[in-house]
Amino acid sequence: MFLRDFVPQTLRDAWRMEFEQLRLGSMSVLEYAIRFSDLSRHATALVSTVRERVCRFIKGLSHGIRFSMARELEMDVLFQQMVEIARRLEGMWDQDREVGETKKPHGTGGYTSPYFGGKVRHGRGFVG
């Protein structure tokens, strides 16, 4: 095999370790899926079956998406279907976050007034 003949074992080990530690983090689900697929080629023993591949992919997702995909773990879902489900969930979470941001009040309810010496009043007290 090409990798065995031309890529040093230390580099292949580093790729395998990176795969073992791979998490969604600040990546999008698509970026994570691409990186997951690239690195999984160097860790075939860890993802030798479709189920192992799917389980490991889900394990690296953010808590909210991973929690929402619990049912899919019980079903025999193909890897590509799992990626698409995660992408849809990510889109829904992003939409919910945007809606939440637009519904937040723009102020804290306090105000600045020359009558209060430039201090902001919150409720019954003053914040200086």
Side-chain angles (χ1 to χ4, degrees):
M1 176 184 263
F2 176 81
L3 286 177
R4 205 170 343 155
D5 295 337
F6 297 104
V7 177
Q9 182 65 44
T10 54
L11 185 54
R12 287 182 283 157
D13 290 344
W15 285 332
R16 191 188 80 251
M17 285 178 44
E18 185 179 347
F19 176 73
E20 290 173 348
Q21 297 172 0
L22 184 64
R23 300 290 181 268
L24 179 66
S26 62
M27 292 184 278
S28 70
V29 170
L30 181 59
E31 291 168 328
Y32 169 67
I34 291 168
R35 190 71 183 142
F36 181 93
S37 293
D38 287 344
L39 291 172
S40 68
R41 288 185 262 161
H42 307 289
T44 53
L46 298 175
V47 288
S48 59
T49 67
V50 172
R51 180 152 178 78
E52 289 171 342
R53 186 175 172 88
V54 166
C55 287
R56 192 164 286 269
F57 178 79
I58 290 174
K59 180 182 175 183
L61 293 170
S62 63
H63 175 74
I65 296 174
R66 185 174 62 238
F67 182 76
S68 298
M69 297 181 76
R71 191 185 83 202
E72 281 76 14
L73 275 174
E74 301 303 318
M75 304 165 59
D76 286 333
V77 179
L78 297 174
F79 178 75
Q80 200 54 43
Q81 290 172 313
M82 190 65 62
V83 171
E84 191 54 38
I85 292 167
R87 288 184 67 201
R88 279 192 236 134
L89 286 168
E90 176 184 48
M92 291 185 324
W93 280 72
D94 288 346
Q95 283 179 340
D96 288 349
R97 194 174 319 126
E98 288 173 10
V99 168
E101 290 295 319
T102 60
K103 288 187 176 183
K104 283 185 181 176
H106 292 291
T108 60
Y111 57 92
T112 302
S113 168
Y115 297 110
F116 295 109
K119 296 184 187 270
V120 178
R121 183 175 180 194
H122 293 279
R124 294 181 187 191
F126 292 93
V127 178

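Values in this document were obtained by computation on a predicted structure and should not be read as measured data. Side chains are part of it too, since the values below use all heavy atoms of this structure and drop only hydrogens, waters and symmetry mates.
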Point to revise | Side-chain heavy atoms of R12 within contact of Q9, under 4.5 Å | key: yes
Exercise for review: May I have the step-by-step check of side chain to side chain contact (heavy atoms under 4.5 Å, CB included) for F36 and V83, ending in yes or no?
Suggested key: CA-CA 11 Å; F36 181 93; V83 171; over 6 Å; no
Review point. Is it true that M75 and L78 fall in one hydrophobic cluster, defined by side-chain heavy atoms closer than 4.5 Å?
Key: no
Check your understanding: Once you round to the nearest 0.5 Å, how far does CG of L11 lie from CG of D13?
Key -> 9.0 Å
Check your understanding: Could you give all pairs that pass the salt bridge (Lys or Arg N to Asp or Glu O under 4.0 Å) test and reach residues 20-37, with sequence neighbours left out?
Key -> R16-E20, E18-R35
Practice item. Following the transitive rule for hydrophobic clusters with a side-chain heavy-atom cut-off under 4.5 Å over Ile, Leu, Val, Met, Phe, Trp and Tyr, establish whether V54 and I34 coincide in one cluster. Key: no
Revision key, fill the gap. Rounded to the nearest 0.5 angstrom, the CD-OG1 distance for E52 and T44 is 10.5 Å
**Study point:** Check: R87 and L30 side chains under 4.5 Å, non-hydrogen atoms
**Key:** yes
**Study point:** Side chain proximity check, S68 to W93, heavy atoms < 4.5 angstrom
**Key:** yes
Review point. Do Y32 side-chain atoms and G25 backbone N/O form a donor-acceptor pair below 3.5 Å?
Key: no
Point to revise | Nearest-0.5 Å distance that lies between atom CD1 in I65 and atom CD in E90 | key: 5.0 Å
Check your understanding: According to the salt bridge (Lys or Arg N to Asp or Glu O under 4.0 Å) rule, which pairs have a member within residues 53-78, sequence neighbours left out?
Key -> none
Review point. Does some side-chain heavy atom of V77 sit less than 4.5 Å from a side-chain heavy atom of E84?
Key: no
Revision key, fill the gap. Taking every heavy atom of V29 against every heavy atom of L61, the minimum-distance pair comes out as CG2-CD2, 4.5 Å
Review point. Rounded to the nearest 0.5 Å, what separation is found between the CG atom of L46 and the CG atom of L39?
Key: 11.5 Å
Check your understanding: Any side-chain heavy-atom pair from F79 and S37 closer than 4.5 angstrom?
Key -> yes
Review point. Do V7 and W15 touch side chain to side chain, with heavy atoms closer than 4.5 Å?
Key: yes
